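It should be emphasised that the depicted structure is a prediction, and the values quoted were computed from it without experimental measurement. Basis for what follows: all heavy atoms, side chains included, without hydrogens, waters or symmetry-related copies. Residue numbers start from 1 in every chain, and the chains themselves are labelled A, B, ... in the order their sequence lines are given, proteins ahead of strands.
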Amino acid sequence: MDFKKYVIDNLVSLTGLERETIENAVEVPPDEKMGDLAFPCFPLAKVMRKAPPLIAKELAEKFPAGGAVAKVEQAGGYLNFFFDRALFAAEVVDGIKAAGADWGRSDLGGGRKVLVEYSSPNIAKPFHIGHLFSTAVGNSLARIYKHLGYSVESLNHLGDWGTQFGKLICAYKRWGDREVIEKDPINELLKIYVKFHEEAEKDPALDEEARGYFKKLEDGDEETTALWKYFKDISLVEFNRVYDMLGVRFDSYNGEAFYSDKMDEVVEILRDKGLLTESDGAQVVDLSELNMPPCIILKSDGATIYATRDIAAALYRHRTYDFYKNIYVVGTPQALHFKQIFAVMKKAGWDWSEGCEHVNFGLVKLPGKSMSTRHGDVVFLEDVLNESIEKTKAIIKENNPDMEDIDEKSKKIGIGAILYTFLKNSREKDIVFSWESMLDFEGESAPYCQYSYARGRSILRRAADIDYSDADMSKAVSDEEYTLLKQLNAYGDAVKDAAERNEPFYVNRYVTNLAKSFNKFYNTNPIMKGDVDEETKKARLAITDAVCTVIKSALYLLGIETVESM
RNA sequence: GCGCCUGUAGUUUAGCCGGAUAAAAUGUGGGAUUCCGAUUCCCAAGACCGCAGGUUCGAAUCCUGUCAGGCGUACCA
């Protein structure tokens, strides 16, 4: 039985209002004591020409007694509904038991294709803490869309093309030493890259030389191509090590280079449609009517630019996947760039470009400065993850010296803690990096949720020989139990909200609140201890089981793993 | 200069398609556990929601102005 639907159905027949009006008006009261659902009667005042409290009072009297709704109350201009707790509890617990990890899943997506482009690090540069924002958000969104029945492709749009490679090749030719690089690839490449920028400031001719190398690369010169390939290979080894730690997988690693031979067509199409104009020697699409700077398609030297590549990529993706949504999880600083290329695609008459969406996020800053690869001001992601794992290990050893599989557990908990901090607030907020806050496991954190799960599992292990599959849920109607059950029921809504706004933090907040309610529940409602009667014990075990299922599922959507004990 | 975003308890944030006492965490001060594992739970203090106007029965939420900060503003990505 759908409790909300039951309330709405009755309100529709009682008031004679449009179903949609009622659906939009019905809300969850700010305080549980006020009820489970509320109907504000204010909008009815004008139509019915009566004071809201009076309307509420009349409706309360007319509302059918019994069934899913145990009690209806008038409170000021509000009509408050209280569900039948036992009925509700049985409904939720049975639902979760039947659905398992699929609880909260829906067919909203109907198999439609959603592309999520995320992570997208630059080859030959360190995978730093800033990249985790895109990686964590993108990975989570991919899982959330899957949960909602979409067919998802995870795309890693590697930064493996562009003038920067001219710079790197130039730097390598001058100061590179293959043997040194083999030992610590990314660090050494970063060193010569930083040196390049330092030297280029003194000698601008270096920039010219770098552009020359990139031109050679674009023209397919053998030696430079071999170098480029070498940089890419050693970089991917490093990146994959981090992705393995994070449990992140991609369906495609087609980066910018992949689209390098697909840009001519884009240029031709835009030219044919009469969209290209010359400006200061460059070929651009004028966007002044949209109050935007022009979008450069070909630089004055005839070379392509990232806008060209992104448009080529979008066209390729449309042809390859016929996507419903094409999501770019890329930082806010590139907001204008995406607005521009989306505008160009629209002008080109590509209706499908409506499905393109830039999901932006804030900056990860170092205290007092921005992170800058050029200046070498970076914090390596791998270092942060390892530090977090070490800290977790120390905590476990202190609390529980005999714990098994400490290494594996520390990894899941330590990495979960880092992921959590990137997924706990709305995306657009900047994150100021500090070891202290990054390694803070107190309060709202992944370890808090993981601990709740582990405790729940521990209790279930103790109850291994009890069959609670036929639990009488009318034994589980305390406030704590009821609160918990309502939250379990709301899982699907949290996932939908997260997808609707492309904000994983809705799931994060959901699972944290669920864990909190569970902690309170088992602190106030004994399960396996004391003289709890058998029927109550079964009902509480059934709830505990359901909670564990949902915590695990929700954490999975965030890319965070669970442990059976910690 | 112009565009976009942000400004809510000491700190980090939620709430922002208007509604019932502005919600959490952390920090601070107190308390619970003869322990289903204390990485737990409970209580308290703490906010003129940047500022000023306006719309409305009602504004943290919408509009206007203003101040502060961030990002962007054509041949890097």
Side-chain angles (χ1 to χ4, degrees), chain A residues 24-25 27 29-31 34 38 40 42-43 45 52 75-78 80 120 122 157 159 161-164 166-167 207 256 279-285 287 291-307 309-310 330-337 339-340 360 362-363 365 370 374 392 395-396 398-400 413 417 421 424-426 428-432 437 440-452 454-456 458-463 505-506 509 512-513 515-516 518-530 532 537 540-541 544 565-566:
Chain A
N24 289 333
E27 61 190 27
D31 190 324
M34 296 171 175
F42 306 96
Y78 288 87
N80 292 334
S120 310
N122 288 326
H157 192 72
W161 207 245
T163 318
Q164 52 178 333
K167 293 178 181 178
D207 280 321
E256 297 179 357
S279 173
D280 294 340
Q283 293 292 315
V284 307
V285 176
L287 298 171
N291 201 20
M292 278 188 264
C295 182
I296 295 181
I297 301 298
L298 289 177
K299 299 193 281 189
S300 49
D301 64 359
T304 58
I305 190 166
Y306 63 113
R309 282 191 280 281
D310 272 347
V330 180
T332 301
Q334 294 196 49
L336 178 60
H337 162 70
K339 266 176 82 177
Q340 286 179 306
N360 63 329
L363 260 44
K365 297 174 172 172
S370 303
R374 286 189 208 178
T392 306
I395 294 173
I396 293 180
E398 194 184 313
N399 294 329
N400 213 334
I413 297 165
T421 66
K424 71 174 170 183
N425 295 142
S426 51
E428 295 196 33
K429 297 266 189 222
D430 290 344
I431 292 179
V432 176
S437 68
D440 184 6
F441 297 170
E442 298 300 311
E444 295 174 338
S445 67
Y448 178 89
C449 300
Q450 289 164 320
Y451 176 77
S452 302
R455 282 298 295 272
S458 162
I459 292 169
L460 291 174
R461 277 195 296 276
R462 283 178 149 256
F505 92 86
Y506 282 96
R509 193 175 48 183
T512 305
N513 285 332
K516 198 181 300 178
F518 178 62
N519 289 337
K520 185 165 182 170
F521 157 70
Y522 74 68
N523 262 285
T524 45
N525 296 266
I527 302 170
M528 293 298 289
K529 73 171 173 182
V532 182
K537 188 182 283 183
R540 289 178 180 167
L541 284 168
T544 301
S565 62
M566 63 190 270

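Phosphate proximity of B/C41 to A/Tyr451: absent, as no side-chain N or O sits under 4.0 Å from OP1 or OP2. For the pair A/Lys520 and B/C42, the criterion of a side-chain N or O lying under 4.0 Å from OP1 or OP2 is met. Proximity of A/Tyr448 to the phosphate of B/A24: no side-chain N or O atom is located under 4.0 Å from OP1 or OP2. Residue A/Lys516 places none of its side-chain N or O atoms closer than 4.0 Å to OP1 or OP2 of B/U40. Residue A/Lys429 places at least one side-chain N or O closer than 4.0 Å to OP1 or OP2 of B/G7. OP1 and OP2 of B/U13 both lie 4.0 Å or more from every side-chain N or O belonging to A/Ser426. The phosphate of B/U40 (OP1 or OP2) has no side-chain N or O of A/Arg455 nearer than 4.0 angstrom.
Interface remark: the A/Ser279 side chain does form a donor-acceptor pair with the B/A74 base, using a distance-only criterion of under 3.5 Å.
Toward the 5' end of RNA chain B, the nearer of the two residues A/Ser458 and A/Ser300, judged by each one's closest nucleotide, is A/Ser458. Mapped onto RNA chain B by nearest heavy atom, A/Gly443 and A/Pro447 fall at different nucleotides, with A/Gly443 at the one closer to the 5' end.
Counting only distance, with no hydrogens or angles, the side chain of A/Thr544 and the backbone of A/Arg540 share a donor-acceptor pair below 3.5 Å.
The shortest heavy-atom contact between A/Ala515 and A/Ser452 is CB-OG, 3.4 Å. When every heavy atom of A/Gln164 is checked against every heavy atom of A/Gly159, the shortest pair comes out as NE2-O, 4.0 Å. Contact record, A/Val532 with A/Lys537: CG1-N, 3.7 Å, taken as the closest heavy-atom pair.
Atom P of nucleotide B/U40 and atom CG of A/Asn525 are separated by 19 Å, given to the nearest angstrom. To the nearest angstrom, C1' of B/C71 lies 16 Å from NE2 of A/His337. Here B/G3 presents its P atom at 7 Å from CG of A/Asn291, a figure rounded to the nearest Å. Summarising the geometry, the separation between CD on A/Glu27 and C1' on B/G15 is reported as 14 Å, rounded to the nearest angstrom. Computed from coordinates, the A/Ile396 CD1 to B/U39 P distance equals 11 Å when rounded to whole Å. Taking atom CG of residue A/Asn80 and atom P of nucleotide B/G19, one finds them 16 Å apart after rounding to whole Å. The interatomic distance linking A/Glu428 (CD) with B/G70 (C1') rounds to 12 Å, in whole Å. Taking atom CD1 of A/Ile431 as the reference point, atom P of B/U13 lies 9 Å away to the nearest angstrom.
Look at the P atom in both B/G70 and B/U8: the space between them is 15 Å, to the nearest Å. Going from the C1' atom of B/A9 to that of B/A14 covers 13 Å, rounded to whole Å. If you take atom C1' in B/C57 and the same atom in B/U11, they sit 38 Å apart, rounded to whole Å. Distance check on atom P: B/C63 versus B/A23 gives 25 Å, rounded to whole Å. Using atom C1' as the reference point in both B/U26 and B/G46, the two lie 13 Å apart (nearest Å).
Within 4.0 Å of A/Asp280, counting heavy atoms only, lies at least one base atom of the nucleic acid. At the heavy-atom level, A/Phe42 lies under 4.0 Å from base atoms of the strands shown. Residue-level contact check: A/Met34 touches the bases, meaning some heavy atom is under 4.0 Å from a base atom.
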Pair A/Asn519-A/Tyr448, side-chain hydrogen bond (donor to acceptor under 3.5 Å, both in side chains): steps then yes or no:
CA-CA 10 Å; A/Asn519 289 337; A/Tyr448 178 89; 3.1 Å; yes

Between A/Ile395 and A/Ile413, does a side-chain contact (heavy atoms from CB on, under 4.5 Å) hold up when you go through it step by step?
CA-CA 11 Å; A/Ile395 294 173; A/Ile413 297 165; over 6 Å; no

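For the atom pair A/Thr304 OG1 and A/Leu298 CG, the distance stands at 7.5 Å (nearest 0.5 Å).
Residues satisfying the ring pair (Phe, Tyr, Trp, His ring centres under 6.0 Å) criterion with A/Phe441, sequence neighbours excluded, are absent altogether. Scored by the salt bridge (Lys or Arg N to Asp or Glu O under 4.0 Å) test, A/Asp430 finds A/Lys365 as partners (sequence neighbours excluded).
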RNA chain B base-pair string [pairs: Watson-Crick or G-U under 3.5 Å; |: paired with another strand]
(((((((..((((.........)))).(((((.......))))).....(((((.......))))))))))))....

